[in-house]
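Numbering of ligands and ligand atoms starts at 1, following listing order.
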Amino acid sequence: MRRVLILGGTAEARALAAELVARGVHVITSLAGRVGNPRLPAGEVRQGGFGGPNGLAAWLRAECSDALVDATHPFAARMTASAAEAAALAGVPLLALRRPGWREGPGDAWERVASLHDAAALLTAPMRVFLTTGRRSLPVFAPVTGVWFLARSVDPPEPPIPGNVQVILDRGPYTVEGERVLIRGHRLDVLVTKDSGGAMTTAKLTAARELGLRVIMVDRPALPPGVPVVCTVEEAFSWALDSH
Ligand code: NAP
């Protein structure tokens with residue numbers, strides 16, 4: 001039986017696990033273990049870090065894994081770097097599954113920046129910002145004086161929550177109407193987001209376009225050199241079934 005490790009935490013990882021399990025592949029999905037109540041994929045699940053590239057390489061050897069699919073979120077850069085190093089150490093074929101990034105449509109004028117810090121540097125008083133860059137990014141933004149934030153995340157950020165930040169907990173998927181209500185209700189004028197891509201969180205971009213919000217888009221970190229990458233679950237499925 002083929003044994004595949006999927007580094008997960010995304011809808012694509014869950015879809016891939018479901019398809020491979022249905023084909024009789026032995027699938028283990030690895031989750032970081034940070035989200036309180038994660039959506040669980042088909043097949044086996046393990047949770048928690050591996051202890052860096054050497055830990056993951058040892059795990060791959062011990063589990064006799066035939067293939068490794070890095071289907072983590074495009075911004076999970078440390079895990080992705082660790083996967084590349086571990087796959088090389090253990091001699092296990094690696095594929096990255098990355099959903100495509102978002103593209104500007106007619107009427108968009110996104111400001112693209114390379115990092116969260118670069119995004120924060122563009123903010124000036126008296127803005128009201130819709131922040132969807134994840135709960136751990138709050139310390140980068142909250143110190144910007146005179147700016148108010150509506151920060152949306154799946155799990156609560158670490159306390160204390162600064163006075164200029166209101167947190168809403170939601171894991172999506174979101175609707176354009178819901179995003180419109182949120183933007184209007186909180187009188188938001190700027191959206192700061194990461195180029196996560198995918199359909200589940202795209203509604204905010206549509207609503208921002210309609211309502212004329214300024215959009216600051218944080219670009220994805222680069223993949224490690226030499227790692228083959230596909231954009232669709234179908235391509236990853238075919239690759240994982242192949243012997244390499
Ligand atoms: P990260 O910064 O790249 O990873 C930090 C460390 O967490 C890694 O070095 C690894 O620890 C552990 N880790 C991360 N993903 C793991 C996984 N799938 N299985 C086992 N260990 C994992 O990652 P992150 O940005 O915190 O993301 C954590 C997880 O959340 C990922 O699985 C990702 O797919 C998911 N996620 C992330 C985002 C985002 O915006 N970053 C959004 C949605 C979902 P060791 O070095 O000890 O192995």
Report the relative orientation of the aromatic rings in F50 and W59; use parallel for angles under 30°, tilted for 30 to 60°, perpendicular for over 60°.
perpendicular

Closest to atom 35 (C) of ligand 1 among protein heavy atoms sits G9 O, 3.9 Å

Residue, atom and distance of the protein heavy atom nearest atom 30 (O) of ligand 1 read A32 CB, 4.7 Å

Closest to atom 19 (N) of ligand 1 by heavy-atom distance, out of P53, A81, P74, S30, is S30

Logged contact type for R34 with ligand 1, heavy-atom cut-off 4.0 Å, is side chain

Ranked by distance from atom 48 (O) of ligand 1, the top protein heavy atom is F50 N, 2.7 Å

Check your understanding: Has R136 got any heavy atom lying under 4.0 angstrom from an atom of ligand 1?
Key -> yes

Does R152 make a cation-pi contact with Y174 (under 6.0 Å, within 45 degrees of the axis)?
-> yes

Note to self: Just to check, does L31 reach to within less than 4.0 Å of ligand 1 when the distance is taken from its heavy atoms?
What the structure shows: yes

I'd like to know if the side chain of D70 and the backbone of T72 have a donor-acceptor N/O pair within less than 3.5 Å.
yes

- Query: Between the main-chain N or O of L97 and the side-chain N or O of E12, is there a donor-acceptor pair closer than 3.5 Å?
  - Reply: no

Quiz item: What do you reckon, does S82 put a non-hydrogen atom under 4.0 Å from ligand 1?
Solution: no

Decide whether T232 and E235 meet the rule of one side-chain donor and one side-chain acceptor closer than 3.5 Å.
yes

* Examine ligand 1 and decide if any of its atoms is less than 4.0 Å from a heavy atom belonging to G8. => yes

- Message: Does R46 have more than 12 heavy atoms from other residues, nucleotides or ligands lying within 6.0 Å of its CZ?
- Response: yes

- Message: T10 versus ligand 1: do any nitrogen or oxygen atoms come within less than 3.5 Å of each other?
- Response: no

Notebook entry, point to check: Would you say G48 touches ligand 1, if touching means a heavy atom closer than 4.0 Å?
Noted result: yes

Margin query: Pairing donors with acceptors under 3.5 angstrom, does anything connect the side chains of R98 and T10?
Written below: no

Worksheet item: For F75, does its backbone N or O pair with a side-chain atom of H73 as donor and acceptor, under 3.5 Å?
Response: yes

Counting distance only, does the side-chain N/O of S65 pair as donor-acceptor with the main-chain N or O of A67 below 3.5 Å?
no

When distances are taken from atom 10 (C) of ligand 1, the protein heavy atom at minimum range is M79 SD, 3.7 Å

> With a 4.0 Å cut-off on heavy atoms, does A77 reach ligand 1?
Replying inline: yes

Original post:
Between A71 and ligand 1, does any nitrogen or oxygen pair lie at a separation below 3.5 Å?
Top reply: no

re atom 9 (O) of ligand 1, the protein heavy-atom contact at minimum distance is R78 NH2, 3.7 Å

Just by distance, do the side chain of R99 and the backbone of S196 share a donor-acceptor pair under 3.5 Å?
yes

